[in-house]
Amino acid sequence: MQVLINGVTMTIPIDTNTVVQLLEHLKLNKELAIVEVNQVILQPEERDNTPIKEQDKIEIVQFVGGG
Amino acid sequence: MLTIGPYTFQSRLLLGTGKFADFDTQKQAVAVSETEILTFAVRRMNIFEPTQPNFLEKIDVSSYTLLPNTAGAKTAEEAVRIAQLAKASGLCDMIKVEIIGCDKTLLPDPVETLKATELLLAEGFIVLPYTSDDVLLAKRLQDLGCHAIMPGASPIGSGLGILNPVQLSFIIEQAQVPVIVDAGIGCATDAAQAMELGADAVLLNTAVAGAHNPVKMASAMKHAIIAGRESFEAGRIAKKRYATASSPMEGMSL
């Protein structure tokens with residue numbers, strides 16, 4: 001299925017059903033990732049169950065060094 | 001003791017986490033500074049790089065209060081979104097409102113800063129707006145209920161120190177909430193001066209990260225802030241034009 005992640009169109013496995021599965025697929029640090037799906041910001045406890053669908057627009061951000 | 005909203009701190013030094021050459025140096029600098037508040041920015045993860053290192057993995061996060069900023073935002077709406085993303089980390093509820101209105105000077109946009117502060121307070125954030133050193137703006141932010149005011153000493157990363165100490169002292173005199181001098185600090189003298197003016201704390205980043213020896217400068221900043229605060233509390237002598245002898249005039253054997 002095709003989704004837009006951080007502005008990049010990506011094809012991800014069809015069995016990537018939830019946000020947490022997407023993070024695992026991308027091998028990203030789940031503790032650090034902050035996720036927004038279709039402009040809805042997810043609280044940490046919502047990641048596991050929030051579904052991913054075709055054409056979803058996903059933002060994955062984190063804390064980085066800054067002043 | 002520094003109190004910001006519901007939080008209290010022993011240290012009056014807030015340290016930024018940008019621009020350090022490497023994590024080991026940064027970790028040492030943070031430890032030596034004895035800061036309790038670390039600032040961060042919020043940025044996209046590199047989705048093609050699973051092993052990207054992050055400073056948060058190098059420290060015991062529970063030992064620090066994290067203060068994310070809204071840097072990158074140019075409008076109140078963008079700042080609110082970044083603040084909401086930061087809060088969704090589950091790591092903090094404080095936010096440094098930073099809305100830059102000019103790419104060359106990196107000076108904050110006062111109108112958008114005021115708007116964002118109001119919106120974020122309504123959402124229950126602990127709000128620390130980065131502002132220019134304008135006393136009326138500081139008052140307006142305070143009237144909204146912000147938890148601290150963070151006037152810049154001089155442009156971000158410039159190291160120019162406190163360009164307008166009089167203006168800064170006006171802000172401090174009228175403040176009902178902590179005043180944290182943020183941006184433009186270049187060396188320990190600048191940090192001490194901010195504290196001697198009566199600031200409650202200092203936030204700095206480049207002065208340490210960009211120093212020839214960041215760990216030593218972190219130590220210098222810690223001492224300067226303690227010294228500046230003690231000097232302020234002790235109360236300096238009045239300045240006068242001519243000398244007054246320190247030694248008694250009586251009993252001289254001449």
Side-chain angles (χ1 to χ4, degrees), chain A, chain B residues 14-21 23 26 38-58 61 66-72 80-92 96 98 106 130 156-157 182-185 203-210:
Chain A
M1 104 176 108
Q2 248 187 16
V3 290
L4 190 71
I5 308 176
N6 289 0
V8 180
T9 302
M10 279 188 85
T11 302
I12 57 171
I14 195 78
D15 60 349
T16 311
N17 295 313
T18 65
V19 167
V20 79
Q21 285 172 356
L22 173 67
L23 294 174
E24 280 165 7
H25 169 69
L26 296 170
K27 297 188 171 61
L28 296 177
N29 186 327
K30 282 181 281 184
E31 304 301 315
L32 297 177
I34 304 164
V35 185
E36 182 189 69
V37 179
N38 299 327
Q39 297 184 325
V40 176
I41 296 167
L42 306 182
Q43 298 308 308
E45 65 275 11
E46 294 173 321
R47 273 183 217 151
D48 288 5
N49 301 320
T50 300
I52 299 286
K53 305 180 304 296
E54 183 80 29
Q55 299 302 320
D56 272 351
K57 196 178 159 201
I58 300 157
E59 285 287 320
I60 306 173
V61 303
Q62 65 179 342
F63 283 5
V64 301
Chain B
L14 290 74
L15 194 61
T17 57
K19 298 192 279 192
F20 281 86
F23 285 150
Q26 182 171 8
L38 294 171
T39 68
F40 288 88
V42 177
R43 291 291 180 271
R44 280 174 166 170
M45 270 187 165
N46 182 347
I47 54 172
F48 302 109
E49 183 52 74
T51 57
Q52 55 198 297
N54 189 302
F55 186 59
L56 282 178
E57 296 170 307
K58 312 285 178 190
V61 175
L66 307 189
L67 175 59
N69 65 37
T70 66
V80 168
R81 178 172 171 270
I82 294 172
Q84 290 168 338
L85 284 166
K87 199 175 187 178
S89 68
L91 297 173
C92 53
K96 169 180 163 178
E98 180 175 343
L106 298 182
Y130 163 60
I156 294 170
D182 176 10
I185 299 295
L203 194 171
L204 53 90
N205 185 342
T206 309
V208 167

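Chain A is the first sequence line, chain B the second, and so forth, proteins listed ahead of strands; every chain is numbered from 1.
Taking each heavy atom of B:Ala86 and B:Cys92 in turn, the nearest pair found is O-SG, 4.1 Å. The heavy-atom pair separating A:Ile34 from B:Leu85 by the smallest distance is CG2-O, 3.1 Å. What you find for B:Ala88 and A:Ile41 is that their closest heavy atoms are CB-CG2, 3.4 Å.
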Output the donor-acceptor atom pairs between chain A and chain B under 3.5 Å, with atom names and distances to 0.1 Å.
from    : atom 1 : to      : atom 2 : distance (Å)
A:Asn6  : O      : B:Arg44 : NH1    : 3.2
A:Asn6  : ND2    : B:Met45 : O      : 3.0
A:Asn29 : ND2    : B:Glu57 : OE2    : 2.8
A:Glu36 : OE1    : B:Arg81 : NH2    : 2.8
A:Glu36 : OE2    : B:Arg81 : NE     : 2.9
A:Glu36 : OE2    : B:Arg81 : NH2    : 3.4
A:Glu59 : OE1    : B:Arg44 : NE     : 2.9
A:Glu59 : OE2    : B:Arg44 : NH2    : 2.8
A:Ile60 : O      : B:Met45 : N      : 2.8
A:Gln62 : N      : B:Arg43 : O      : 2.8
A:Gln62 : O      : B:Arg43 : N      : 3.0
A:Gln62 : OE1    : B:Asn54 : ND2    : 3.0
A:Gln62 : NE2    : B:Gln52 : OE1    : 3.2
A:Phe63 : O      : B:Asn54 : ND2    : 2.8
A:Val64 : N      : B:Ala41 : O      : 2.8
A:Val64 : O      : B:Ala41 : N      : 2.9
A:Gly66 : N      : B:Thr17 : OG1    : 3.1
A:Gly66 : O      : B:Thr17 : N      : 2.9
A:Gly66 : O      : B:Thr17 : OG1    : 3.4
A:Gly66 : O      : B:Thr39 : OG1    : 2.8
A:Gly67 : O      : B:Asn69 : ND2    : 2.5
A:Gly67 : O      : B:Lys96 : NZ     : 3.4

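Residue pairs meeting the ring-ring contact (aromatic ring centres under 6.0 Å, His included) criterion with at least one partner in residues 26-67 of chain A, sequence neighbours excluded, are A:Phe63-B:Phe40.
The CD1 atom of A:Ile5 sits 5.0 Å away from the CG atom of A:Leu26 when rounded to the nearest 0.5 Å.
Looking at heavy atoms from C-beta onward, A:Val37 lies out of side-chain contact with A:Lys53 at the 4.5 angstrom threshold.
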Report task. Just do the side chain to side chain contact (heavy atoms under 4.5 Å, CB included) check on B:Leu204 and B:Leu15 with the steps written out, would you? Result -> CA-CA 5 Å; B:Leu204 53 90; B:Leu15 194 61; 3.8 Å; yes

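Both the backbone and the side chain of B:Ile47 come within contact range of chain A, with heavy atoms under 4.5 Å apart. Proximity to chain B (any heavy atom under 4.5 Å) is restricted, for A:Leu42, to the backbone atoms N, CA, C and O.
When each of B:Pro50, B:Gly16, B:Ala183 is scored by its heavy-atom pairs under 4.5 Å with chain A, the top score falls to B:Pro50.
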